[in-house]
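Protein chains get the first letters and strands the later ones, always in sequence-line order, with residue 1 at the start of each.
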Amino acid sequence: MIEITEVKQYPFIEGKNLTLCAPNKDNLNLYASWDNHPDARKYARNVFPTTAGDLKKYLERGQERAPREIGFEIWHKADCKPIGFIGFNFVNWADRMGNIGLNIGDPSYWKKDLGMEATYLILEYAFNELNLFKITADMYEMNTPSWKICEKVGMKRELTYMKQAYVKGNYVDTYQYCLFKEDWEKQRQKFEFK
Amino acid sequence: MSEEKEEKKELVCIPFIEGENVALAPTNIDHIQLYAKWNNDPRARHYARNMIPHTTEDLKKWFEPRGGLTEHVGFEIWHKKDKVPIGTCGFGRINWIDRNANIYMNIGEPEYWNKNLGTEASHLLIDYGFKELNFFKIYAGVFEPNIRSWSVAEKDGFILEGIEEKAIYVDGKYVGARRYRLFKEDWLNRKAKK
């Protein structure tokens, strides 16, 4: 476990239990510990080791005016520490489509509905601030917690890619979920966060 | 007139894969004016997602050396009898771990459409993907209105994996994307039967 000596955060989106913050270069070792964690990386497609130096390059890549990737640190408000990452793996500005990815890197925070809250926050951001039209998310078939979150927020499984990925010795299917802005508008009130 | 002669003189084919009517050749930096023409041609770029003009300077970046195992293998499609390049094709997003890749093709010269040349080039490319690169699965994404392309995919035995709803914005409206897949064993069985 990496101890954070000095607590620094740059809040960007406030939730009830969580805050989405700009990534912080002081937490590189913590981010690396998530990306390499045998359980956390299992379904996150990290088949190669990630060093803190790799992540430093990612943070230093500079920001384009319409970035293709957008990442947030997920900050746990009560415990005052970052617990994972959420963001867009890519944004296609012409088609107004974004693909989201979530990684609660600290397994002690799993099964607490926090992924659900972080997903709610990113969807609100996607539709209300970035004015995206469609959001997609993809995951391995056995990553049940991930697709359960998608179903809870009203995303639909639009595609199953047969034997698309090789995980722990077997070819497995991947799912693609999607949500349109108009469908989100109809049901966003259902969520109690905020 | 003299300019045209000069351009003709530069056209050289270095075959990599030989077919009956077409050959697949490495992309050639001397043919960059042609590639730029195809990428900007209103008919040829229609479904190719080229929404922003491509300059020859942009295309020169294809030829810059990149580190690591390539994620992209591209060919020029050479018309053997007419001795001219007529388009490009290849594999993008090659995933060497999951052993899959996205196949693409663009016959940039519209007068060579509807002559089964795309089908011939796709056979050469698929054989190369499975027999040389040892892919497990090849997939293709084709937008709904691009009937010519997905007919070729279906003729080649690609299976429709699903349709991504409203995935791309073409001609002022959102249209779906058809996702096709082909497994190596199915391709080889199919060829054995013929």
- [ ] Using a strict cut-off of less than 4.0 Å between a Lys/Arg side-chain nitrogen and an Asp/Glu carboxylate oxygen, indicate whether B/Arg43 and B/Glu111 qualify as a salt bridge.
- [x] no
Task: Heavy-atom proximity to chain B below 4.5 Å, by part of A/Lys156 - done: neither
Open item on the list: Less than 4.5 Å to any heavy atom of chain A: does that hold for the side chain of B/Ile159, its backbone, both, or neither?
Closed with: neither
- [ ] Identify the heavy atoms of B/Ser122 and B/Asp156 that sit nearest to each other, and give their distance.
- [x] OG-OD2, 2.6 Å
TODO: With B/Lys166 as the cation and A/Phe133 as the aromatic partner, state whether NZ or CZ is under 6.0 Å from the six-membered ring centre and within 45° of the axis.
DONE: no
Task: Contact leader toward chain B among A/Val47, A/Leu159, A/Asp95, where contacts are heavy-atom pairs under 4.5 Å - done: A/Asp95
Open item on the list: If the threshold is 4.0 Å, N to carboxylate O, is there a salt bridge linking A/Lys57 and A/Glu60?
Closed with: no
TODO: Would you mind checking which part of A/Met97 comes under 4.5 Å of any heavy atom in chain B, side chain (CB onward), backbone (N, CA, C, O), both or neither?
DONE: neither
TODO: Kindly state whether the ring of B/His72 and the ring of B/Tyr104 have centres lying under 6.0 angstrom apart.
DONE: yes
TODO: In plain terms, say whether B/Lys37 and B/Glu109 are close enough for a salt bridge, that is, a side-chain N and a carboxylate O under 4.0 Å apart.
DONE: yes
Open item on the list: Would you call the rings of B/Tyr35 and B/Trp38 parallel, tilted or perpendicular, taking 30° and 60° as the class edges?
Closed with: tilted
Task: Residue selection (most heavy-atom pairs with chain A, distance under 4.5 Å) from B/Phe136, B/Tyr169, B/Tyr139 - done: B/Phe136
Task: Inter-chain contacts: residues 85-101 of chain B against chain A, heavy atoms under 4.5 Å - done: B/Ile97, B/Asp98, B/Arg99, B/Asn100
Task: A/Asp183/A/Lys186 ion pair, N-O < 4.0 Å - done: yes
TODO: Identify which part of A/Gln164 has an atom lying under 4.5 Å from any heavy atom of chain B, answering side chain, backbone, both or neither.
DONE: both
Open item on the list: I'd like to know whether CZ of A/Arg68 has more than 12 heavy-atom contacts from other residues, nucleotides or ligands below 6.0 angstrom.
Closed with: no
TODO: Kindly give the heavy-atom pair with the smallest separation between B/Gln33 and B/Thr56, and that separation in Å.
DONE: OE1-CG2, 3.7 Å
Task: Proximity of residues 172-180 of chain B to chain A, residues having a non-hydrogen atom under 4.5 angstrom - done: B/Tyr174, B/Arg179
Open item on the list: I want to know whether A/Phe72 and A/Tyr125 have ring centres closer than 6.0 Å.
Closed with: yes
Task: Aromatic ring proximity A/Tyr31/A/Tyr58, centre distance under 6.0 Å - done: no
